[in-house]
Peer 1: 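Have a look at this one before I ask anything.
In what follows, residues are counted from 1 in the order of the sequence shown. Counting convention: from 1, in listed order, for ligands and their atoms alike.
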Amino acid sequence: MRKKIVVGNWKMNKTVTESITLAAEVIAAIGKEFSGCDVGIAPAFPALYEVGKLTLPSRVSLVAQNCHFEPDGAFTGEVSASMVREAGCSAVIIGHSERRQYFGETNAIVNSKVKQALSEGLQVIMCVGETLEQREGGVTGDVVTAQVREGLLGIGNISNMVIAYEPVWAIGTGKTATSEQAEEVHLMIRNTVSDLLGEEAAEKLRIQYGGSVKPSNAKELFSMPNIDGGLIGGASLNVADFVAIVNAAD
Ligand code: 13P
């Protein structure tokens, strides 16, 4: 049985002060009563260190939204894996569709970032997902399979990885994939990983769903056999909604 994992991706929202307030509220609300599920929050870079002081003694883990693929150097404006780890993060989101769409991240870039983050001991949440055009063009399987294969190229051990399936057309649009649509892709991802790294690694891998997850649809999504939790955008900025989603996974 895979333990569910729910992570709130705050994206480019909340200043440092606002992040501290939200994190404190989430930690207080999560308390100790949830034990069946891993919970994380991913504030923006400037807030990580301060929020890390709050998450460290709690059961909520701190997650970065991105990191660079080089260990250090002349990359103005970038942040390294070791920096986010030392700021208190135990995990990092890599290859979010907004990074792919607006910042030109290819599968090859995602692959080098995944390798760098893993080498720093960070858990990696690698995001994959098709656009509406690709879904309507009937190439969802090809796109997502290529993202998984190329993202995992040269990686032999995925025990510290999670894959997040986030259909681009469902992100921030209010349109959720039906639980059947999501389950179909999740199963395909697991089969792809099984081909690459064997059945045991694939069975252990947690695959989160992301894209307009709300308290009203979380339970049904999380009840599918291959959906092992959620990567939550908009709803993670509201404490009551986020806690209700965690509760649905717990
Ligand atoms: P929404 O939940 O706002 O659709 O965002 C999903 C997402 O992109 C999480 O990474």
Peer 1: Among protein heavy atoms, which lies nearest atom 2 (O) of ligand 1, and at what distance?
Peer 2: G233 N, 2.9 Å
Peer 1: Hey, is D241 close enough to K214 for a salt bridge, meaning N to O under 4.0 Å?
Peer 2: no
Peer 1: Which of the numbered atoms in ligand 1 are under 4.0 angstrom from any heavy atom belonging to G211?
Peer 2: 4 (O), 6 (C)
Peer 1: Could you walk me through whether R100 and E105 pass salt bridge (Lys or Arg N to Asp or Glu O under 4.0 Å), step by step?
Peer 2: CA-CA 4 Å; R100 295 176 186 262; E105 287 193 13; over 6 Å; no
Peer 1: Does an N or O anywhere in G172 fall below 3.5 Å from an N or O of ligand 1?
Peer 2: yes
Peer 1: Please list, in number order, the atoms of ligand 1 under 4.0 Å from a heavy atom of I171.
Peer 2: 4 (O), 5 (O), 6 (C), 8 (O)
Peer 1: List ligand 1 atoms under 4.0 Å from S212, heavy atoms only on the residue side.
Peer 2: 1 (P), 2 (O), 4 (O)
Peer 1: Calculate, to the nearest 0.5 Å, the distance between atoms OG and CD belonging to S194 and E199 respectively.
Peer 2: 5.0 Å
Peer 1: Within less than 4.0 angstrom of ligand 1, does K11 place any heavy atom?
Peer 2: yes
Peer 1: Using the salt bridge (Lys or Arg N to Asp or Glu O under 4.0 Å) rule, take K4 and D38 through it: C-alpha gap first, then chi angles, then the decisive distance, then the call.
Peer 2: CA-CA 6 Å; K4 295 250 190 308; D38 289 335; over 6 Å; no
Peer 1: Among side-chain atoms of H96 and E166, is any donor-acceptor pair under 3.5 angstrom?
Peer 2: yes
Peer 1: In terms of side-chain geometry, is the basic nitrogen of R190 or D228 positioned less than 4.0 Å from the acidic oxygen of its partner?
Peer 2: yes
Peer 1: Evaluate the side chain to side chain donor-acceptor pair (under 3.5 Å) criterion for residues E183 and N226: first the C-alpha distance (whole Å), next the side-chain angles of each, then the deciding distance (0.1 Å), finally the verdict.
Peer 2: CA-CA 6 Å; E183 170 64 17; N226 286 289; 2.7 Å; yes
Peer 1: So, 4.0 Å and heavy atoms of A170: is ligand 1 close enough to count as a contact?
Peer 2: yes
Peer 1: Looking only at heavy atoms, is any part of L231 under 4.0 Å from ligand 1, and if so is it the side chain, the backbone, or both, or is it neither?
Peer 2: both
Peer 1: Tell me whether T173 has any N or O atom under 3.5 angstrom from an N or O of ligand 1.
Peer 2: no
Peer 1: Among all protein heavy atoms, pick out the one at the shortest distance from atom 3 (O) of ligand 1; state its residue, atom name and that distance to 0.1 Å.
Peer 2: G234 N, 2.8 Å
Peer 1: Run the numbers for me: atoms of ligand 1, each under 4.0 Å from some heavy atom of N9, listed by number.
Peer 2: 9 (C), 10 (O)
Peer 1: Which protein non-hydrogen atom lies closest to atom 9 (C) of ligand 1, naming both residue and atom, and how far is it?
Peer 2: E166 OE2, 2.9 Å
Peer 1: Which residue pairs satisfy the ring-ring contact (aromatic ring centres under 6.0 Å, His included) criterion with at least one member in residues 185-233, sequence neighbours excluded?
Peer 2: Y165-H186
